[in-house]
Enquirer: 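Before I ask anything, here is the structure I am working with.
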There are 2 protein chains.
Amino acid sequence: MGERIPTRHSLALSPSCNHCSLSNLCLPLAVSDGDMGRLDEVVNRGAVYDRGQAIFQQHTPFRSCYAVRSGAIKTSVETAEGDYQITGFYLPGEIIGLDSLHAEEYAGSAIALERSSVCEIPMDQLESLSFEIPTLQHHFFQLMSQEIQNGQQLSLLLSRKTAEERLASLLLSLSSRYERRQMPPTAFRLPMARNDIANFLGLAVETVSRVLTRFQSQGLATINGRSVESLDLEGLHSLLQSPGT
Amino acid sequence: MGERIPTRHSLALSPSCNHCSLSNLCLPLAVSDGDMGRLDEVVNRGAVYDRGQAIFQQHTPFRSCYAVRSGAIKTSVETAEGDYQITGFYLPGEIIGLDSLHAEEYAGSAIALERSSVCEIPMDQLESLSFEIPTLQHHFFQLMSQEIQNGQQLSLLLSRKTAEERLASLLLSLSSRYERRQMPPTAFRLPMARNDIANFLGLAVETVSRVLTRFQSQGLATINGRSVESLDLEGLHSLLQSPGT
DNA sequence: CGTGGACTTGATCAGCGTCAACCCTCGTGG
DNA sequence: CCACGAGGGTTGACGCTGATCAAGTCCACG
């Protein structure tokens, strides 16, 4: 259990953001080579979390955002009334915690879906740094506004789409994100449980299960537990066109 | 139609953000008196839009965010497939357009729900200015992360709440926001049509109508068209407690 | 005073949630 | 090595919430 296993892809020991294999997805893409040293001083690289462990928890003091380095993370918010909503799934190169920047406490929790490593970005230091590196401030504005848009897309999906469309959207989103990470877009492992998918998409677990088997029988994908194969990207896309107009 | 009517509350001619009656809600709260002049140079104050007019439109070149000065604004996104989702209602002192900061084009549209005036904030200038005024950059980070959280709350509402809970949430949100603006929290006018409410909350217009009349018959509010009176804040709040635990 | 859009009300219907049973997989321990 | 149990996943039957369709009313406007 507590054994130390080197993270795969040998990410673990990379001494600088500069040499990280994710440098074209992550913060480094906003920082010139000359300023990279400054970034390295601020970022704490490579903490590892096991499946189920929390990177941070709602209502604890806010310190840092985190860049996902390997694995996969889910973020969620919980209301006083006990409703629980997963707000996103994050893959390597993506940043979590941006929704808490304005507060003293984390606005939500982040849990590792599988053994994952993350890089800590202490935000007080980063904020100072971004006074000196204009492109960095600009990049954070971009990241956050992108995050707002993702939320809007999610809202749209939750209020207007059918169960099939929701699942199709999720599969296509994962597919394209894996593709950007040089991984096969039509065959991958789902890092999250059916439960998580259901919660994220605002459906019941049973519905998720049913729709996925329906996809299977329609030849849109081969799905076995968490493994997805031969995704029919075209077919899924055509599900999203509402028959309007 | 083209007649010039002075905006109410005599906001129209205020020469500086400093003297604006919204200065404790809007950008000025992040700027010291000494720096206020710099802010004034950047902000274009007081353009007026009639009901139905667009402050900006999706897919047009992004230039500026806008602070609502009087009236009320709705923002929305439209997908390629023709789905249309209202993403928020904005009251005086609130900022619109933050979701587009990262892009060349506006990610959504903003439409005046009633005759409204807004102050334009050209973002290239503001971004430069925020290098020099640390509290301003910080404030924008805060605004944006608040906006992300609003989106998460909306997602939660759309995926977990019943029609009654959604309406109750909206009424309570408006109520508390009016209160912060020194207006009565239990009696106000709804600036938006039933259609807009329905779209925003992911319901059919008919459902909105039915639920509102049900509220009325339960004594939770007196609702007549767009006028809301004697809101029972306690009662509405108790609707939100899911009977869990 | 008349017209069109916003709003309400009623009847019907279906998508998806809920409840319940079952299965499959994998890790644990005898 | 196998038995067991627990958690995740699938499948089926049923009912409810809210969408849809269809009239009808109210109101603001010209």
Side-chain angles (χ1 to χ4, degrees), chain A residues 1 3 50-52 74 83-86 111 113-115 157-170 189-218 221-228 239 242-244, chain B residues 1 3 50-52 74 83-86 111 113-115 157-170 189-218 221-228 239 242-244:
Chain A
M1 246 190 265
E3 224 182 327
D50 276 317
R51 168 196 288 217
K74 68 174 173 185
D83 306 285
Y84 179 82
Q85 168 78 28
I86 292 177
I111 311 267
L113 289 167
E114 57 191 37
R115 176 166 265 252
L157 177 142
L158 290 171
S159 73
R160 310 243 93 76
K161 308 271 193 179
T162 67
E164 297 205 343
E165 292 169 327
R166 297 182 200 196
L167 262 305
S169 290
L170 178 62
R189 282 204 109 247
L190 296 171
M192 71 295 275
R194 295 286 189 275
N195 241 322
D196 293 331
I197 297 179
N199 182 291
F200 178 63
L201 297 178
L203 299 171
V205 205
E206 295 92 328
T207 305
V208 171
S209 189
R210 274 186 257 272
V211 171
L212 288 182
T213 60
R214 206 179 312 156
F215 280 178
Q216 176 125 267
S217 69
Q218 296 174 241
T222 307
I223 299 173
N224 215 315
R226 298 200 181 178
S227 95
V228 176
L239 279 186
S242 46
Chain B
M1 247 194 265
E3 222 182 329
D50 277 316
R51 168 196 290 215
K74 68 174 172 185
D83 306 283
Y84 178 84
Q85 167 78 27
I86 292 178
I111 311 268
L113 289 167
E114 57 191 37
R115 177 167 264 252
L157 177 141
L158 290 171
S159 73
R160 312 242 94 76
K161 308 271 194 179
T162 67
E164 297 205 341
E165 292 169 327
R166 297 182 200 196
L167 262 305
S169 290
L170 178 61
R189 285 205 104 247
L190 295 170
M192 72 296 277
R194 295 286 189 275
N195 241 320
D196 293 331
I197 296 179
N199 182 291
F200 179 63
L201 297 178
L203 299 170
V205 204
E206 294 92 329
T207 305
V208 172
S209 188
R210 274 186 258 272
V211 171
L212 288 182
T213 61
R214 208 180 309 158
F215 280 177
Q216 176 125 265
S217 70
Q218 295 174 243
T222 308
I223 298 172
N224 215 314
R226 298 201 182 177
S227 94
V228 176
L239 279 186
S242 47

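Here is the naming used below: chain letters follow the sequence lines, and residue numbers restart at 1 for every chain.
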Enquirer: Give one of base, sugar-phosphate or nothing for R226(B), where a contact means two heavy atoms less than 4.0 Å apart.
Expert: sugar-phosphate
Enquirer: Return the angle between end axes of the helix from dC1(C)-dG30(D) to dG30(C)-dC1(D), with five pairs used per end and rounding to 10°.
Expert: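 The helix from dC1(C)-dG30(D) to dG30(C)-dC1(D) shows an end-to-end axis angle of 40°.
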Enquirer: Can you pull the side-chain hydrogen bond (donor to acceptor under 3.5 Å, both in side chains) pairs that have at least one residue in residues 202-212 of chain B, sequence neighbours excluded?
Expert: none
Enquirer: Between which nucleotides of DNA chain D, 5' to 3', does chain A make heavy-atom contacts below 4.0 Å?
Expert: dG9(D) to dA13(D)
Enquirer: side-chain contact (heavy atoms from CB on, under 4.5 Å), that's the test. Do L203(A) and V211(A) meet it? Break it down for me.
Expert: CA-CA 11 Å; L203(A) 299 171; V211(A) 171; 5.9 Å; no
Enquirer: Could you pull out the closest heavy-atom pair between S169(A) and L157(A), with the gap in Å?
Expert: CB-CD1, 3.5 Å
Enquirer: I need the CG-C1' distance between L212(B) and dT9(C), as an integer number of Å.
Expert: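 Between C1' of dT9(C) and CG of L212(B): 14 Å.
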Enquirer: Using distance only, find each side-chain donor-acceptor pair of residues 190-201 of chain A under 3.5 Å and give its atom names and separation, not counting sequence neighbours.
Expert:
| unit_1 | atom_1 | unit_2 | atom_2 | d |
| --- | --- | --- | --- | --- |
| R194(A) | NH1 | G225(A) | O | 3.2 |
| R194(A) | NH2 | G225(A) | O | 2.6 |
| D196(A) | OD1 | K74(A) | NZ | 3.1 |
| N199(A) | OD1 | I86(A) | N | 2.7 |
| N199(A) | ND2 | Y84(A) | O | 2.9 |

Enquirer: Within the structure provided, determine whether F215(B) and V228(B) are in side-chain contact (heavy-atom separation under 4.5 Å).
Expert: no
Enquirer: Sequence neighbours excluded, which residues qualify as salt bridge (Lys or Arg N to Asp or Glu O under 4.0 Å) partners of R51(A)?
Expert: none
Enquirer: Calculate, to the nearest 0.5 Å, the distance between atoms CG and CG belonging to L239(A) and L167(A) respectively.
Expert: 10.0 Å
Enquirer: Taking only residues two or more places apart in sequence, or in another chain, which ones meet S227(B) in a side chain to side chain donor-acceptor pair (under 3.5 Å)?
Expert: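 Partners of S227(B) under the side chain to side chain donor-acceptor pair (under 3.5 Å) test: none.
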Enquirer: Each nucleotide in nucleotides 15-25 of chain C should get exactly one letter: B, S or -. Can you fill that in based on protein heavy atoms under 4.0 Å?
Expert: -SSBBB-----
Enquirer: Drop me the distance from R226(B)'s CZ to R189(B)'s CZ, to the nearest 0.5 angstrom.
Expert: 7.0 Å
Enquirer: I197(B) has an atom CD1; how far is it from atom C1' of dC7(C), in whole Å?
Expert: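 That distance rounds to 11 Å.
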Enquirer: Tell me every residue that passes side chain to side chain donor-acceptor pair (under 3.5 Å) with R214(A), counting only those two or more places apart in sequence or in another chain.
Expert: E164(A)
